[in-house]
Engineer: 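Here it is, the structure in full.
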Amino acid sequence: YQYYHLPYILTVAHPILHMAENITGLVEEAIAKAQEAVGADTAGDFERAVDLYSRSVELIKRSLQLQQAARISSCRS
């Protein structure tokens with residue numbers, strides 16, 4: 001058992017917590033883009049719908065990359 005001072009724990013945890021906030025934000029934005037894409041698709045604006053679906057997928061991919069980075073970072077701490 002090793003004792004860590006609170007400032008050290010907060011210094012290590014802060015980037016991980018910040019990453020989690022970013023991941024949540026990216027997922028929320030991806031969902032909003034996908035919902036907007038459905039609306040464009042329904043309205044027959046297929047070019048815009050494809051663009052919005054693509055953006056949504058890119059946001060999901062970025063969130064997965066951040067999740068993987070957070071996992072790796074937490075394993076090293």
Side-chain angles (χ1 to χ4, degrees):
Y1 175 72
Q2 190 171 3
Y3 173 77
Y4 292 103
H5 294 285
L6 185 57
Y8 171 77
I9 292 170
L10 293 177
T11 302
V12 171
H14 182 298
I16 295 168
L17 294 174
H18 183 67
M19 222 180 285
E21 291 171 1
N22 287 342
I23 292 167
T24 301
L26 287 171
V27 171
E28 289 172 355
E29 189 176 347
I31 291 168
K33 292 289 179 205
Q35 290 171 335
E36 196 176 341
V38 169
D41 202 355
T42 302
D45 190 352
F46 303 117
E47 190 173 319
R48 184 164 181 266
V50 168
D51 180 56
L52 290 166
Y53 284 129
S54 296
R55 285 197 226 164
S56 178
V57 168
E58 289 302 316
L59 290 166
I60 291 168
K61 285 171 47 178
R62 181 68 184 133
S63 72
L64 291 172
Q65 290 168 343
L66 284 174
Q67 284 177 344
Q68 183 178 18
R71 248 191 319 272
I72 291 168
S73 178
S74 67
C75 289
R76 291 182 180 164
S77 298

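All values reported here derive from a predicted model rather than from experimental measurement. Residue numbers run from 1 in the order of the sequence given.
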Engineer: Considering non-hydrogen atoms only, spot the tightest contact between S56 and A30 and give its length.
Structural biologist: OG-O, 2.8 Å
Engineer: Within this structure, what is the CG-CD distance for the pair N22 and Q67, rounded to the nearest 0.5 Å?
Structural biologist: 12.0 Å
Engineer: Which heavy-atom pair separates I23 from S63 by the least distance, and what is that distance?
Structural biologist: CG1-O, 4.0 Å
Engineer: So do E29 and R55 actually touch side chain to side chain, heavy atoms under 4.5 Å?
Structural biologist: no
Engineer: Supply the atom-to-atom distance I60 CD1 to R62 CZ, rounded to the nearest 0.5 angstrom.
Structural biologist: 14.0 Å
Engineer: Can you give me the closest heavy-atom contact between A40 and L52, atom names plus distance?
Structural biologist: CB-CD1, 4.4 Å
Engineer: Rounded to the nearest 0.5 Å, what's the gap from CG on L26 to NZ on K33? Could you check?
Structural biologist: 12.0 Å
Engineer: Short question: side chain of T42, backbone of V38 - any donor-acceptor pair under 3.5 Å?
Structural biologist: yes
Engineer: Is V50 isolated, or which residues cluster with it under the ILVMFWY side-chain rule of less than 4.5 Å, directly or via members?
Structural biologist: none
